[in-house]
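Lettering of chains follows the sequences in order, A, B, ..., and the numbering in each one begins at 1.
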There are 2 protein chains.
Amino acid sequence: MARAQNDTKARIGEVALELFGRQGYERTSLREIAERLDITKAALYYHYPSKRDLLRALSEPLRQDAMGLAERFGERSDEPREVLGAYFDLCVRHSTLMVTLLHDLAGLSESGLVEEVVAWRRRLDVALVGEDAPIPARMGAVAALGGIQDIAVLMPAEEATLHRGRAVEIALAALRVGMSGMD
Amino acid sequence: MARAQNDTKARIGEVALELFGRQGYERTSLREIAERLDITKAALYYHYPSKRDLLRALSEPLRQDAMGLAERFGERSDEPREVLGAYFDLCVRHSTLMVTLLHDLAGLSESGLVEEVVAWRRRLDVALVGEDAPIPARMGAVAALGGIQDIAVLMPAEEATLHRGRAVEIALAALRVGMSGMD
DNA sequence: GTCTATACGTCGATAGAC
DNA sequence: GTCTATCGACGTATAGAC
């Protein structure tokens with residue numbers, strides 16, 4: 001029945017997220033996950049077609065959120081402060097998952113998230129400095145997004161949130177120095 | 001004889017670097033490396049005690065270089081421009097290896113480089129804003145280093161080198177905005 | 001000192017019975 | 001929906017040839 005299906009599937013996801021986060025994707029075997037739930041490896045395969053799909057399912061919320069952001073700033077924006085602020089908020093909102101995956105790069109690789117993050121950031125680059133910006137301007141955009149992302153992910157979430165305004169100003173300064181001299 | 005030892009060991013390293021870079025660490029099996037050299041898996045085991053050690057050996061030059069930088073700026077520097085420039089140069093100098101590892105996060109994880117990079121960057125944070133800097137100042141340092149690192153790694157090496165001065169100025173601007181208001 | 005032959009245990013994944 | 005049984009490939013390990 002549908003009830004049991006959702007129950008088991010959800011419980012598998014919970015256990016997997018905990019174990020992946022604690023000891024990493026590669027070091028967590030399907031046998032280990034199955035034993036915690038008192039089922040067999042083969043039962044997992046009824047709910048998820050592969051170990052990789054199980055991992056991907058865990059990062060789906062972040063994926064959805066980022067797609068929304070990319071669509072919102074699909075073309076060049078004249079409000080860079082808004083773009084940088086929204087990107088900061090997204091990084092903070094999912095910082096737990098991001099840190100979990102960051103501490104487990106093998107899993108991050110397998111999740112396919114990296115390629116997507118690179119693609120999203122390119123779209124945000126365009127939103128910040130336009131399509132065919134000169135090299136220095138693109139440098140400013142890359143540094144602004146890379147800098148604000150590092151603040152959100154590397155620093156404690158509470159500290160980052162408390163000084164959100166300053167974080168945006170820092171990124172904005174990098175962006176401006178990159179663009180100075182542009183027409 | 002010592003000659004043969006170096007030859008085989010070096011050839012293993014070359015093939016491994018190429019295959020790891022092309023298809024990733026996890027997806028490259030020791031059997032595959034061995035077959036390319038017309039030797040057996042067990043022969044690899046003679047030269048490198050494990051697959052992990054083989055990978056670590058490949059990132060040794062970067063490791064040495066970064067250790068030198070960390071020691072050079074072990075304590076707070078009053079020349080942030082110099083610190084940022086030196087970090088930029090290091091990222092560019094090893095950008096091929098860094099990009100290779102970046103495209104293969106599973107390998108990056110196994111190499112143990114991430115923890116070291118985080119540690120080096122913390123030392124550079126201290127060199128930039130001091131030991132017990134307030135949160136906004138630390139934000140500036142994190143954004144400055146994260147931004148300049150992204151420029152060096154994400155942008156084409158030629159473009160980055162050509163505009164090295166601007167990259168340093170961008171990072172410097174982020175650092176300044178973070179520190180503004182500090183005593 | 002350098003390498004081969006062979007094996008062990010574990011992994012992700014599949015087939016088919018209940 | 002879950003089981004048992006099994007698969008091929010993997011990293012690792014050791015004994016012994018040369």
Side-chain angles (χ1 to χ4, degrees), chain A residues 1-59 101 104-113, chain B residues 1-59 101 104-113:
Chain A
M1 45 191 131
R3 180 78 166 100
Q5 141 102 294
N6 291 337
D7 254 37
T8 305
K9 188 165 185 173
R11 286 174 64 222
I12 291 172
E14 285 167 24
V15 170
L17 181 59
E18 190 207 325
L19 291 181
F20 287 167
R22 181 136 50 84
Q23 59 198 20
Y25 173 77
E26 297 283 354
R27 278 167 204 77
T28 302
S29 68
L30 294 179
R31 181 186 53 75
E32 201 174 354
I33 297 173
E35 273 176 5
R36 283 266 284 236
L37 296 165
D38 271 312
I39 57 177
T40 61
K41 266 200 307 177
L44 295 183
Y45 276 90
Y46 174 78
H47 296 281
Y48 297 94
S50 75
K51 187 185 182 187
R52 193 187 168 128
D53 282 85
L54 171 52
L55 174 67
R56 282 187 66 91
L58 300 179
S59 54
L101 290 181
D104 171 29
L105 295 177
L108 184 53
S109 169
E110 211 64 22
S111 73
L113 255 183
Chain B
M1 47 189 129
R3 178 81 166 97
Q5 141 101 300
N6 291 338
D7 255 35
T8 305
K9 189 166 186 173
R11 286 174 63 223
I12 292 172
E14 286 167 23
V15 170
L17 182 57
E18 190 208 325
L19 291 181
F20 288 167
R22 181 136 50 85
Q23 59 197 21
Y25 173 76
E26 297 284 354
R27 278 167 204 76
T28 302
S29 68
L30 295 179
R31 181 186 54 77
E32 200 175 353
I33 297 173
E35 275 177 4
R36 282 266 285 237
L37 296 165
D38 271 312
I39 57 178
T40 62
K41 267 201 305 177
L44 295 181
Y45 209 82
Y46 172 78
H47 294 281
Y48 297 94
S50 73
K51 187 185 182 186
R52 193 187 167 129
D53 281 86
L54 170 53
L55 175 67
R56 282 186 65 92
L58 299 179
S59 54
L101 290 180
D104 171 30
L105 295 176
L108 183 53
S109 170
E110 211 65 20
S111 73
L113 254 183

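Expressed to the nearest 0.5 Å, how far CG of A:Leu19 lies from OG of A:Ser29 amounts to 9.0 Å.
Remark: C1' of D:dG1 and OH of A:Tyr48 are 15 Å apart, rounded to the nearest angstrom. The separation between B:Ile12 atom CD1 and C:dC3 atom P is 8 Å, rounded to whole Å. Rounded to whole Å, the distance from CG on A:Asp38 to P on D:dG1 is 19 Å. As a whole-Å value, the separation of B:Ile33 CD1 from D:dT12 C1' is 14 Å. B:Arg27 has its CZ atom 13 Å from the P atom of D:dG11, to the nearest Å. Atom-to-atom, NE2 of B:His47 to C1' of C:dC3 comes out at 8 Å; the value is rounded to the nearest Å.
Shown here are the salt bridge (charged side-chain N to carboxylate O under 4.0 Å, His left out) partners of B:Arg11, two or more places apart in sequence or in another chain: there are none. Legend: residues meeting side-chain hydrogen bond (donor to acceptor under 3.5 Å, both in side chains) with B:Arg56, ordered by chain and number and at least two apart, are absent. Evaluation of the side-chain hydrogen bond (donor to acceptor under 3.5 Å, both in side chains) rule for A:Asp53 yields A:Ser50 as partners, not counting sequence neighbours. In this structure, the salt bridge (charged side-chain N to carboxylate O under 4.0 Å, His left out) partners of B:Glu35, at least two apart in sequence or on a different chain, are B:Arg31.
For C:dT2, the OP1/OP2 oxygens have a side-chain nitrogen or oxygen of B:Tyr46 closer than 4.0 Å. One finds no side-chain N or O of A:Thr8 lying less than 4.0 angstrom from the OP1 or OP2 phosphate oxygen of D:dG1.
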Base-contact (B) and sugar-phosphate-only (S) positions in nucleotides 5-18 of chain C, heavy-atom cut-off under 4.0 Å, - elsewhere: B-----SBBBB---
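For residues 39-52 of chain B, the set of pairs meeting the salt bridge (charged side-chain N to carboxylate O under 4.0 Å, His left out) definition, not counting sequence neighbours, comprises B:Arg52-B:Glu110.
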